[in-house]
2 protein chains.
Amino acid sequence: MKPLTERQRLVLAFIEEFCRRQGYPPTVREVAAHFGVQPRAAADHLAALKRKGYLHREPGLSRGLSLASRLEEQVVEVPIVGRIAAGRPLLASEHVEDTLPLPRSWVHGEEVFLLKVTGDSMSPLLLPGDLVMVKAQPRVARGEIAVVLVNDEATLKRVYEEAGGLVLKGDNPEFAPLRFARDEAAELVQILGKVVGVYRSFEGRGPR
Amino acid sequence: MKPLTERQRLVLAFIEEFCRRQGYPPTVREVAAHFGVQPRAAADHLAALKRKGYLHREPGLSRGLSLASRLEEQVVEVPIVGRIAAGRPLLASEHVEDTLPLPRSWVHGEEVFLLKVTGDSMSPLLLPGDLVMVKAQPRVARGEIAVVLVNDEATLKRVYEEAGGLVLKGDNPEFAPLRFARDEAAELVQILGKVVGVYRSFEGRGPR
DNA sequence: TTAGATACTATACAAAAGTATACTTGTCAA
DNA sequence: TTGACAAGTATACTTTTGTATAGTATCTAA
């Protein structure tokens with residue numbers, strides 16, 4: 001994007017601040033009044049900012065401008081899934097407990113959801129209370145961490161397809177691997193998605 | 001908040017969608033046109049939504065309405081700090097590489113920043129590439145993980161104040177603890193803040 | 001049963017707001 | 001030195017837009 005002049009930078013900053021405080025963009029006259037100039041001068045600035053790609057404008061509409069770098073474009077509302085029960089619609093509203101606005105750069109693709117870790121089977125990589133980001137997909141590569149639905153219960157495990165069938169392994173050695181014959185797995189095991197990220201808060205956890 | 005009627009819920013949903021797409025709120029007439037009613041009817045709905053606390057309005061202003069549950073209120077722009085050099089202003093613009101919009105519920109307090117983990121000293125809890133959330137503070141409780149500036153270099157360590165002085169310990173046993181006499185520590189060691197959270201992306205990391 | 005909210009129609013008015021016309025001044029690169 | 005851009009003044013015109021007036025009809029809880 002073309003660089004801005006100092007004056008244009010100030011105008012853009014004013015618009016950002018105005019939107020943040022008011023929830024709607026300023027009028028040409030409000031920009032003009034803030035800088036103590038005539039409406040025409042302010043309109044010139046807006047035209048320059050539009051020409052340089054820093055904001056969109058709808059000609060003729062009052063307050064018809066919006067920032068090119070809007071929060072709505074930087075942020076994605078990711079659903080937090082609660083208890084997962086068997087039966088299809090994973091992202092159906094009955095499973096969604098809440099949503100969290102996360103930076104778009106963390107969310108690749110559409111079918112992503114958050115899940116609160118409850119068990120200890122992936123310790124120490126994933127601990128109870130962690131929030132894992134999961135990309136919904138029916139298969140994962142060998143050794144990747146997946147959300148797996150076994151007997152109507154969702155768990156986090158590494159998935160290995162082997163000659164004998166399917167093996168689900170936790171990182172925690174205290175948990176024995178689960179083994180399924182190929183036909184058995186097809187019936188009892190459903191991979192819901194791949195773990196693509198974790199968020200952990202240390203607050204409320206004691207120090208070592 | 002008072003419950004909405006079905007019609008009011010639809011109007012609110014339209015306003016949310018409109019703001020998300022356009023970047024500015026709709027006019028009374030745009031709401032009216034969308035529902036195929038007269039401007040007066042739409043204005044009645046807006047008045048009801050305001051009365052019930054779902055949106056703010058500035059009387060007389062075009063598009064002078066904003067949602068009570070705005071993204072701006074749910075999200076905080078947290079600075080990502082790059083190379084930290086000695087000398088005071090930690091959150092000065094020369095240290096801030098970028099910012100990331102994070103949910104307000106993750107950010108307690110004001111003086112919070114993000115730091116990319118580079119070393120291995122806190123492995124396996126914190127790995128290179130992780131993004132840690134740090135609350136800027138000059139002291140931490142015994143055993144808490146801190147961002148510590150030693151010899152003009154920022155590292156992550158657990159901090160223990162002991163009889164002999166200050167001990168900085170990584171979780172990784174391959175790293176020997178750093179010990180400082182009390183007066184030595186005051187000169188060479190500066191605690192920049194407490195690690196309060198981590199975000200880790202698994203993409204780009206190989207499976208086990 | 002009556003007051004109060006909901007949900008509208010239809011018309012009209014005045015303020016708010018974008019924009020056009022006509023100029024001026026200064027800077028800076030081709 | 002000329003033309004493009006930046007930054008402005010001053011006045012005016014025309015839409016856009018919120019709101020007021022005056023009604024109608026339905027439903028619901030005191």
Side-chain angles (χ1 to χ4, degrees), chain A residues 1-70, chain B residues 1-70:
Chain A
M1 273 200 281
K2 280 182 192 166
L4 295 178
T5 66
E6 182 57 16
R7 195 65 164 163
Q8 289 166 357
R9 212 184 50 72
L10 286 171
V11 173
L12 187 65
F14 169 69
I15 295 169
E16 278 167 0
E17 179 67 9
F18 191 102
C19 288
R20 214 167 47 73
R21 295 170 91 107
Q22 299 297 129
Y24 46 82
T27 63
V28 174
R29 278 175 172 78
E30 280 164 348
V31 176
H34 180 262
F35 291 96
V37 297
Q38 295 298 315
R40 178 58 210 258
D44 279 348
H45 286 306
L46 298 185
L49 286 171
K50 174 172 187 176
R51 183 168 45 77
K52 293 187 176 178
Y54 290 82
L55 50 83
H56 306 295
R57 278 196 92 192
E58 218 53 60
L61 294 191
S62 69
R63 301 182 196 277
L65 58 94
S66 67
L67 297 166
S69 62
R70 281 158 50 210
Chain B
M1 273 200 280
K2 279 184 193 163
L4 295 179
T5 66
E6 181 59 16
R7 196 64 164 164
Q8 287 165 358
R9 211 184 50 72
L10 286 170
V11 172
L12 187 65
F14 169 70
I15 295 169
E16 279 168 358
E17 179 67 9
F18 191 102
C19 289
R20 213 166 49 74
R21 294 171 92 106
Q22 299 297 127
Y24 45 83
T27 63
V28 173
R29 276 177 173 78
E30 280 163 347
V31 176
H34 181 262
F35 289 96
V37 297
Q38 296 297 315
R40 178 59 209 259
D44 279 348
H45 287 306
L46 298 185
L49 286 171
K50 174 172 186 175
R51 184 167 46 76
K52 293 185 177 178
Y54 289 82
L55 51 81
H56 306 295
R57 279 195 91 193
E58 217 54 60
L61 294 192
S62 68
R63 300 182 198 275
L65 57 94
S66 68
L67 296 166
S69 61
R70 282 158 49 211

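For A:Ser62 and D:dT16, the shortest distance from a side-chain N or O to OP1 or OP2 is not below 4.0 Å. In this model, the phosphate group of D:dT26 is not approached by any side-chain N or O of B:Arg7 to a distance below 4.0 Å at OP1 or OP2. Phosphate proximity of C:dA7 to B:Thr5: present, with a side-chain N or O under 4.0 Å from OP1 or OP2. Close to D:dA7, at under 4.0 Å from its OP1 or OP2, lies no side-chain N or O of A:Gln38. Listed pair B:Arg63 / C:dA16 fails the phosphate criterion, with no side-chain N or O lying under 4.0 Å from OP1 or OP2. The phosphate of D:dT17 has neither OP1 nor OP2 within less than 4.0 Å of any side-chain N or O from B:Arg57.
Using a 4.5 Å cut-off on side-chain heavy atoms (C-beta onward), B:Arg7 and B:Phe35 make contact. Counting only heavy atoms from C-beta outward, the side chains of B:Phe18 and B:Arg63 approach each other to under 4.5 Å. Within the 4.5 Å cutoff, no side-chain heavy atoms of B:His45 are placed close to those of B:Ile15.
Between B:Asp44 atom CG and C:dG4 atom P the separation is 17 Å, expressed in whole Å. Nucleotide D:dG18 holds its C1' atom 15 Å from the CG atom of B:Leu55, rounded to whole Å. For the pair A:Lys50 NZ and D:dA6 C1', the interatomic distance rounds to 19 Å; values are reported in whole Å. Distance, A:Leu10 CG to D:dA7 C1': 13 Å, rounded to whole Å. B:Leu46 has its CG atom 14 Å from the P atom of D:dT17, to the nearest Å. Rounded to whole Å, atom C1' of D:dT16 lies 14 Å from atom CD of A:Glu58. The interatomic distance linking A:Leu65 (CG) with C:dT19 (P) rounds to 10 Å, in whole Å. Between B:Glu6 atom CD and D:dC27 atom P the separation is 17 Å, expressed in whole Å.
Among the protein residues, A:Ala43 comes within range of no part of the nucleic acid, since none of its heavy atoms lies under 4.0 Å from any strand. At the heavy-atom level, A:Gln8 lies under 4.0 Å from the strands shown only through sugar-phosphate atoms. If you check every strand for non-hydrogen atoms under 4.0 Å, B:Lys2 touches nothing.
Under a 3.5 Å cut-off, the side chain of A:Arg29 and the backbone N or O of A:Ala42 do not form any donor-acceptor pair.
Among the nucleotides D:dT17, C:dC8, C:dA17, the one closest to the side chain of A:Arg29 is C:dA17.
Remark on DNA chain D: of its neighbouring residues A:Val37 and A:Ala48, the 5'-side contact belongs to A:Ala48, judged by nearest-heavy-atom nucleotide. Comparing B:Leu61 and B:His45 along DNA chain C, the residue whose closest nucleotide (by nearest heavy atom) sits nearer the 5' end is B:His45.
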*Hey, mind stepping through A:Val28 and A:Leu65 against side chain to side chain contact (heavy atoms under 4.5 Å, CB included) and telling me if it holds?*
CA-CA 10 Å; A:Val28 174; A:Leu65 58 94; 6.0 Å; no
*Walk me through it: do B:Phe14 and B:Leu10 pass the test side chain to side chain contact (heavy atoms under 4.5 Å, CB included)?*
CA-CA 6 Å; B:Phe14 169 70; B:Leu10 286 170; over 6 Å; no
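No hydrogens or angles were tested; on distance alone, a donor-acceptor pair under 3.5 Å links the side chain of A:Arg40 to the base of C:dT21.
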